[in-house]
Amino acid sequence: MQLVETPLKDCFILEPRIFNDDRGFFFESYNKNTFDKLLGKNIDFVQDNQSHSVYGVLRGLHFQKGVHAQAKLVRVLEGSVLDVAVDLREDSPSFGKWYSVELTDKNFKQFFIPRGFAHGFVVLSPTAIFSYKCDNFYNKASEGGLLFNDPSLNIDWNIKTEEAILSDKDQINPLFNQLDFKNLWN
Ligand SMILES: Cc1cn([C@H]2C[C@H](O)[C@@H](COP(=O)(O)OP(=O)(O)O[C@H]3O[C@H](C)C(=O)[C@H](O)[C@H]3O)O2)c(=O)[nH]c1=O
C-alpha cells in the first residue's frame, strides 16, 4: 500500500499492492496496521457503507457536524467516479479548497478524507458501486451539505451540470449560505 499526498492537508490517496496471477488478482483492501502506520495515527472505522448509482448520479457534498463528523476511506468496487473533498476546517492551510480524484475498479485507488471535510462523488461510468468506511456512526440530525455547484467552489465535476442526477436534499441547501463555509461543520 502506498500513500500519496494531495493539495488538501491530511487528505491522502492510497494505492494498494495488487497481486496478479493467471487466476486474476488479489489485494488487501484494508489492513489496520498498514493503514494506521502510513497515516501515522490510529483510525478506528466503525461503519461500512455501500451505494449503487447510475451515470450522472452526484451524491454530495455532505458532512456530519461537530462530534458526529466522520473520516472516510472511500473506493469503487465497480465502475468509475470522480470523488471530491472540500476542506471545511477553518484552521487548515487548505480551508475552502477542493480536490478531486478519479476512483475506478481498474486503478484500485482509495481516498482518505478526514473529519472536517465535505465529501461527494459523481458517477462517470454506466453504473458504479461505491464502498467506504467511516470512523463515526451515521447521525442524520448532524448532517450538513454544500451545493455541488456552489459558485464559490467552482468544482469541475467532469459532467455537464444538467446531467447531474441529485436527491432532493442535494438540490437545495437553504440552511447554508453558499459563500460562507465558516463554522459550517462545528
Ligand atoms: C449516509 C447514510 C444514509 N442512510 C440512509 C438515509 C437515507 O434514507 C438513505 C440514503 O441516504 P442519503 O441520500 O444521505 O445517501 P447518500 O446521498 O449516498 O449520502 C452519502 O453521500 C456522500 C457521498 C457521503 O459521503 C455520505 O456518507 C453520505 O451523505 O440511507 C443510513 O441509514 N446510514 C448512512 O450512513
Side-chain angles (χ1 to χ4, degrees), residues 6 8-14 29-30 35 39 43-89 92 94 96-105 107 109-150 153 155-159 161 163-176 178 181 184-186:
T6 74
L8 300 185
K9 185 173 181 299
D10 306 323
C11 262
F12 300 107
I13 292 166
L14 294 115
S29 52
Y30 174 69
F35 182 78
L39 242 68
I43 304 279
D44 285 325
F45 292 112
V46 296
Q47 180 177 321
D48 281 4
N49 294 336
Q50 181 167 313
S51 61
H52 177 275
S53 311
V54 297
Y55 173 81
V57 165
L58 195 156
R59 297 175 184 258
L61 291 151
H62 304 158
F63 54 89
Q64 291 191 174
K65 289 181 240 179
V67 293
H68 300 289
Q70 296 170 306
K72 295 165 190 165
L73 178 61
V74 307
R75 69 191 183 110
V76 163
L77 303 183
E78 177 212 278
S80 67
V81 310
L82 188 75
D83 202 78
V84 174
V86 182
D87 193 346
L88 300 179
R89 303 167 303 173
S92 164
S94 48
K97 299 280 182 283
W98 64 273
Y99 176 74
S100 65
V101 55
E102 190 168 350
L103 307 175
T104 82
D105 59 6
N107 69 18
K109 286 184 182 179
Q110 302 180 9
F111 189 26
F112 174 70
I113 303 136
R115 297 183 179 191
F117 283 73
H119 172 248
F121 67 87
V122 67
V123 176
L124 303 175
S125 48
T127 61
I129 296 175
F130 192 80
S131 174
Y132 55 110
K133 309 179 91 61
C134 304
D135 78 336
N136 213 348
F137 294 107
Y138 175 58
N139 179 279
K140 189 173 185 60
S142 72
E143 280 191 312
L146 289 172
L147 277 178
F148 79 102
N149 59 349
D150 185 317
L153 288 170
I155 295 169
D156 177 3
W157 289 96
N158 286 10
I159 66 162
T161 301
E163 284 184 302
I165 301 170
L166 304 164
S167 64
D168 292 346
K169 173 178 83 171
D170 290 345
Q171 301 206 28
I172 49 171
N173 281 294
L175 302 179
F176 304 117
Q178 286 187 13
F181 303 135
L184 203 51
W185 76 284
N186 292 320

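First listed ligand is number 1; within each ligand, the first listed atom is number 1. Numbers here are sequence positions counted from 1.
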Next on the checklist: Side chain, backbone, both or neither: which applies to Phe130 and ligand 1 if a contact is any heavy-atom pair less than 4.0 Å apart?
Outcome noted: neither
Checklist entry - Is it true that a side-chain atom of Asp105 and a backbone atom of Gly79 form a donor plus acceptor pair closer than 3.5 Å? => result yes
Item to check | Sidechain-backbone polar pair: Gln64 side chain, Asn139 backbone, donor-acceptor under 3.5 Å | outcome: yes
Checklist entry - Is Lys72 near ligand 1, meaning one of its heavy atoms is under 4.0 Å from it? => result yes
Next on the checklist: Using a 3.5 Å distance criterion without hydrogens, assess whether the side chain of Asp170 forms a donor-acceptor pair with backbone atoms of Gly60.
Outcome noted: yes
Item to check | Distance-minimising heavy-atom pair for Ala71 and Asp135 | outcome: N-OD1, 2.7 Å
Checklist outcome for this item: for atom 6 (C) of ligand 1, nearest protein heavy atom and its distance come out as Tyr138 OH, 3.4 Å
Item to check | Geometric class of the Phe35/Phe45 ring pair [parallel <30°, tilted 30-60°, perpendicular >60°] | outcome: tilted
Checklist entry - Can any side-chain N or O of Ser100 pair as donor or acceptor with the backbone N or O of Leu82 at less than 3.5 Å? => result no
Checklist entry - What's the verdict on side chain to side chain contact (heavy atoms under 4.5 Å, CB included) for Asn149 and Trp157, showing C-alpha distance, side-chain angles and the deciding distance? => result CA-CA 9 Å; Asn149 59 349; Trp157 289 96; 5.7 Å; no
Next on the checklist: Looking at ligand 1, is there an atom of it that comes within less than 4.0 Å of some heavy atom belonging to Gln70?
Outcome noted: no
Checklist entry - Between the side chain of Gln70 and the main-chain N/O of Asn136, is any donor-acceptor distance below 3.5 Å? => result yes
Next on the checklist: Protein heavy atoms near atom 35 (O) of ligand 1, is at least one of them under 4.0 angstrom away?
Outcome noted: yes
Next on the checklist: Would the distance check show the side chain of Thr104 and the main-chain N or O of Ser80 forming a donor-acceptor pair, the cut-off being under 3.5 Å?
Outcome noted: no
Checklist entry - Is there a nitrogen or oxygen of Tyr132 sitting under 3.5 Å from a nitrogen or oxygen of ligand 1? => result yes
Item to check | Taking every non-hydrogen atom, the tightest pair across Asn107 and Glu102 | outcome: ND2-O, 2.9 Å
Next on the checklist: Under 3.5 Å between any N/O of Ser51 and any N/O of ligand 1: does that happen in this structure?
Outcome noted: no
Checklist entry - Between His62 and ligand 1, which part of the residue brings a heavy atom under 4.0 Å of the ligand: side chain, backbone, both or neither? => result side chain
Checklist entry - Counting only heavy atoms, which portion of Asn49 has something under 4.0 Å from ligand 1: side chain, backbone, both, or neither? => result side chain
Checklist entry - Relative to the heavy atoms of Gln47, which atoms of ligand 1 are at a distance of less than 4.0 Å? => result 34 (C), 35 (O)
Checklist entry - Which residue owns the protein heavy atom closest to atom 14 (O) of ligand 1, what's the atom, and how far is it? => result Lys169 NZ, 2.8 Å
Next on the checklist: So does Ser53 get a backbone contact from the side chain of Arg59, meaning a donor-acceptor N/O pair under 3.5 Å?
Outcome noted: no
Next on the checklist: Heavy atoms only: which of Gln64, Glu143, Arg59, His119 lies closest to atom 15 (O) of ligand 1?
Outcome noted: Arg59
Checklist entry - Under 4.0 Å from atom 9 (C) of ligand 1, do we find at least one protein heavy atom? => result no
Checklist entry - For atom 20 (C) of ligand 1, is the nearest protein heavy atom under 4.0 Å away? => result yes
Item to check | Any Phe63 heavy atom less than 4.0 Å to ligand 1 | outcome: no
Checklist entry - What atoms of ligand 1 come closer than 4.0 angstrom to any heavy atom of Phe121? => result 23 (C)
Next on the checklist: Can you confirm whether some protein heavy atom lies under 4.0 Å from atom 3 (C) of ligand 1, or whether none does?
Outcome noted: yes
